[in-house]
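So that the names make sense, note that chain A is the first sequence line, chain B the second, and so on, each numbered from 1.
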Amino acid sequence: MSQTAGQSLSQMATKAINRPVPDYLDGLNGEQREAVETLEGPVLVLAGAGTGKTRVLTTRIAHILNEGVASSWNILAVTFTNKAAFEMKERIGQLVGCTVEGMPWLGTFHAICVKILRRHAELVDLKSGFTILDTDDQIRLLKQIIKAENIDEKRWPARHLASLLDRWKNRGLVPSKVPAGEAYTFANGKGAELYEAYQKRLKELNAVDFGDILLECLRLFQEHNDVLKEYQNRFRYMLVDEYQDTNVAQYLWLRLLAQGTHNVCCVGDDDQSIYGWRGAEVDNILRFEKDFPGAKVIRLEQNYRSTGHILAAASALIAHNSERLGKTLHTNIGDGDKVLLRGCWDHEEEARNISDQIEQLQREQHSFEDMAVLVRASSQMRAIEDRFVTIGLPYRVIGGPRFYERMEIKDAIAYFEVVFNNANDLKFERIINTPKRGLGEASLRPVYEYARAKSISLVDSARTLINTEELRPAARNSITKLMDQFDHWQQMAKMMSHTELAQIILDESGYTAMWQKDKSPQAPGRLDNLKELIRFMDEFDTMAAFLEHVSLVMDTDSGNDGERVSLMTLHSAKGLEFDTVFLPGWEEGLFPHQRSLDESGQTGLEEERRLAYVGITRAKKRATISFAQNRLTHGQWQTSMPSRFIDELPADHVDVMESLSFGSPSHSLKPQRMSSRETVAEDIYSEPRWNRHKAQRKITTIEGKARRIKKVHKSAYETGERVFHQKFGYGHITTIEGDKLTIDFEKAGEKRVVESFVEKPQST
DNA sequence: GGGCGTTGCGTTTTT
DNA sequence: CGCAACGCCC
């Protein structure tokens, strides 16, 4: 479908009213259709695995627009991950037939809350340009606070406090509301006190952490009824994806908004709630009908993904959980193959069996792309990878350390942040001595002391002190040189593109050279990542746009370069599907994980069982579950029992495969073939396995991401028009040059900004 | 400030 | 066992 550029969703919608039968409803089953068409009042869509959840969500939005009951900017649609948000935008675009620039309130909880907070920052003691701290910055800050309070850092590590604060924030608790008993769990009663000190410090830095983004937005709504009313009025229809993953703060936030029109539609699956350990509250979905009176509950039970045996096995397993709303999934794809179950002597044999089965499937013309190995813990990946590397089987690891979490990427971004926003103390601390400039703790002490005494930023403190005798000559020279460099880069920013400047900063600061000199095996990869970062930056118009993006979007896509088997944890597999799925490591202690049982008892067990359910339901056609009698853990051989989940599988839907070496350490290398067509397929696979490309662990790239960001060329604004900018506030456009606007701001004066950063004033 | 030895820990991950 | 974080010494 091609659309005239600039045509908005609302125009589309208005036009569509005259269309007789909306074709987007075609092919929906009864329940899906009901979920799409029940627009008024609270709706809970219980969407089982593979029942077309995303389709319902996106079609519902298309329906709202098509019916003309609300405009795109009156629809709030929240997701948990950026990936999910992008996918939704893409699919709505396909349905409605135009770009999604017109869905300003579709995004992650965090992205939407940041947007709201930037508009009303002063009301929660922030300034609109506040920075968002990542976990590293947060820990660094907490360390300083713990130290300042004279608490033993050893006994009370900052990361423990960080996770404690996180849990409080997830529950919507501000320092004053932390229950006394819990406040005493850290540093002999200093918990709440430290929380308060930390929040105070954040305000001084004009910063928020991830938890605050939600909490402050919630506080904004709670304490400023006029603001709440404004948003209740704005959001005529609200949609929430993966509702089972919401935490208390998100629930409270949503409930406040839903008190407006009550048109809130939550989509989720209680059986797939696997993030309890990071604050998700299954109870939110279980309690929905009580929380939202008059709610309609619609169950999607028609599964379009898996064959009968797989679905039956998964359903029987999850039926052992008591805390669930209950669904009966059915499929009409046919019975298909039974779930395979295999016991192995040890994890090495388990890995061999998996690779043998993969090769057999490959001979039968199945693509590696359609196969995945899903593990409970990443420590299991080692054995699998070792085997794949040995036989040269191409594979890719999904998840793992994300691009923006890599040290070199964070360092590089810290440089850019300091150059463009030199008040950013935490980023400054990160790079002041990276690469080594002889600026250790001792040399910098006067800088810290002066900054604290005068309540100024570290950069300003450093700039003052280099003109005095406070610093040792070596440190003074070193800092002077660095400050001159910052000045130099700031000057250059006006003369060249942000990508060129980024390269210059990395080179002139000695950062690139630092990794070039480094002889560790990771160093070349890190240099590649830096190149990748700069290539990615090119997709943004300005450095500021880029930096705003990275502070929220910590997500990467892996490129598709050739067919590979996917290897990932069960957690990262949620939402994905594969023809063939391997589920190794179903042993007591590993799955269900001992720690989960110890820490959360029955609740923990049920969450583990949901994880098992998620695993099985990823499979469209084939699922193989396996367990090993012996496993090397922490360098110790351990013997374990098959998982209790195996006993819970229904015998009728499972085939038990006898492993030749099972029960004895005979290490039979004879492959266990499952298919009788081995000889027929032999010529298809005439090349020996070592002729294939050597498998390499994939370095995650961000190419996938880059594709999605479009550059805006044609201006949607006119000279003289009044616009709003998140940092500078309101102003009038004086000049337009391509996508760059010169705006005379009412408060900030004349600035040159990029078009994508301004918006039309609100007309509510 | 850097290098090296010791210690402790070891599930899942997004924003 | 393998790694990361910390502390001590030069």
*In whole Å, what is the span from the OH atom of A/Tyr613 to the C1' atom of B/dT12?*
20 Å
*A/Ser378 side chain near B/dT11 phosphate (N/O to OP1/OP2, under 4.0 Å)*: no
*Given B/dT13, B/dT15, B/dT11, which nucleotide is nearest the side-chain atoms of A/Glu599?*
B/dT11
_Is it the case that the ring center of A/Tyr251 lies less than 6.0 angstrom away from the ring center of A/Trp253?_
no
*To the side chain of A/Thr569, which of B/dT13, B/dT15, B/dT11 is closest?*
B/dT13
*asked:* If the cut-off is 4.0 Å, is A/Asn82 near the phosphate of B/dT14, judged by side-chain N/O to OP1 or OP2?
replied: no
*Whole-Å C1' distance, C/dG2 and B/dT13*: 22 Å
*A/Phe627 ring center near A/Trp586 ring center (under 6.0 Å)*: no
*Across all strands, who's sitting opposite B/dT11 as a Watson-Crick or G-U wobble pair, both distances under 3.5 Å?*
none
*How about A/Tyr448 and A/Glu429: does a side-chain donor come under 3.5 Å of a side-chain acceptor?*
yes
_A/Leu590 CG to B/dG10 P, straight-line distance once rounded to whole Å_ = 16 Å
*With no hydrogens and no angle check, do the side chains of A/Asp598 and A/Gln594 hold a donor and an acceptor under 3.5 Å apart?*
yes
*Give a yes/no answer on whether the side chain of A/Ser596 brings an N or O atom under 4.0 Å of OP1 or OP2 in B/dT12.*
no
*Minimum-distance nucleotide (side-chain atoms of A/His634 versus C/dC1, B/dT12, C/dG2)*: C/dC1
*Rounded to the Å, how far apart are A/Gln138 CD and B/dT14 C1'?*
13 Å
*Please work out if A/Glu242 contacts a base, only the sugar-phosphate, or nothing of the nucleic acid, heavy-atom cut-off 4.0 Å.*
nothing
*Do the ring centers of A/Trp277 and A/His593 come within less than 6.0 Å of each other?*
no
*Return yes if some donor-acceptor pair links the side-chain N/O of A/Asn284 with the main-chain N/O of A/Thr246 below 3.5 Å, else return no.*
yes
*State whether the aromatic ring of A/His593 stacks on the base of B/dT11, taking stacking to mean ring centres under 5.5 Å apart and ring planes under 30° to each other.*
yes
*For A/Glu608 and for A/Arg437, locate the closest nucleotide of DNA chain B by heavy-atom distance; then report the residue assigned to the nucleotide nearer the 5' terminus.*
A/Arg437
*To the nearest Å, how far apart are A/Asp386 CG and C/dC1 P?*
17 Å
*Establish, yes or no, whether a centroid distance under 6.0 Å links the rings of A/Phe221 and A/His120.*
no
*asked:* Using a heavy-atom cut-off of 4.0 Å across all strands, would you classify A/Ser443 as base, sugar-phosphate, or nothing?
replied: sugar-phosphate
Show me the protein contacts with nucleotides 6-8 of chain C, counting only N or O atoms at under 3.5 Å.
| residue | atom | partner | partner atom | Å |
| --- | --- | --- | --- | --- |
| C/dC6 | O3' | A/Lys154 | NZ | 3.2 |

_Aromatic stack A/Trp277/B/dT12: centroid gap under 5.5 Å, interplanar angle under 30°_ = yes
_Interatomic distance, A/Ile398 CD1 vs B/dT12 C1' [rounded to whole Å]_ = 16 Å
_Nearest-angstrom distance from the residue atom CG of A/Asn433 to P of B/dG2_ = 6 Å
*Please check if atom NE2 in A/His320 has more than 12 non-hydrogen atoms from other residues, nucleotides or ligands closer than 6.0 Å.*
yes
_Shortest side-chain distance from A/Arg278, nucleotide among B/dT14, C/dG2, B/dT11_ = B/dT14
*Figure out the CZ/P separation between A/Phe86 and B/dT15, and round it to whole Å.*
10 Å
*Rounded to whole angstrom units, what separation is found between the OH atom of A/Tyr275 and the C1' atom of B/dT15?*
12 Å
*Nearest listed nucleotide, side chain of A/Arg376, among B/dT14, C/dG2, B/dT12*: B/dT12
*A/Arg595 side chain N/O closer than 4.0 Å to the phosphate oxygens (OP1, OP2) of B/dT12?*
no
_Residue met sooner reading DNA chain B from 5', once A/Gly438 and A/Leu611 are mapped to nucleotides_ = A/Gly438
*asked:* We want to know whether A/Ser640 and A/Glu588 form a side-chain donor-acceptor pair, criterion being a heavy-atom distance below 3.5 angstrom.
replied: no
*Classify the nucleic acid contact of A/Leu439 as base, sugar-phosphate or nothing, counting any heavy atom under 4.0 Å across all strands shown.*
sugar-phosphate
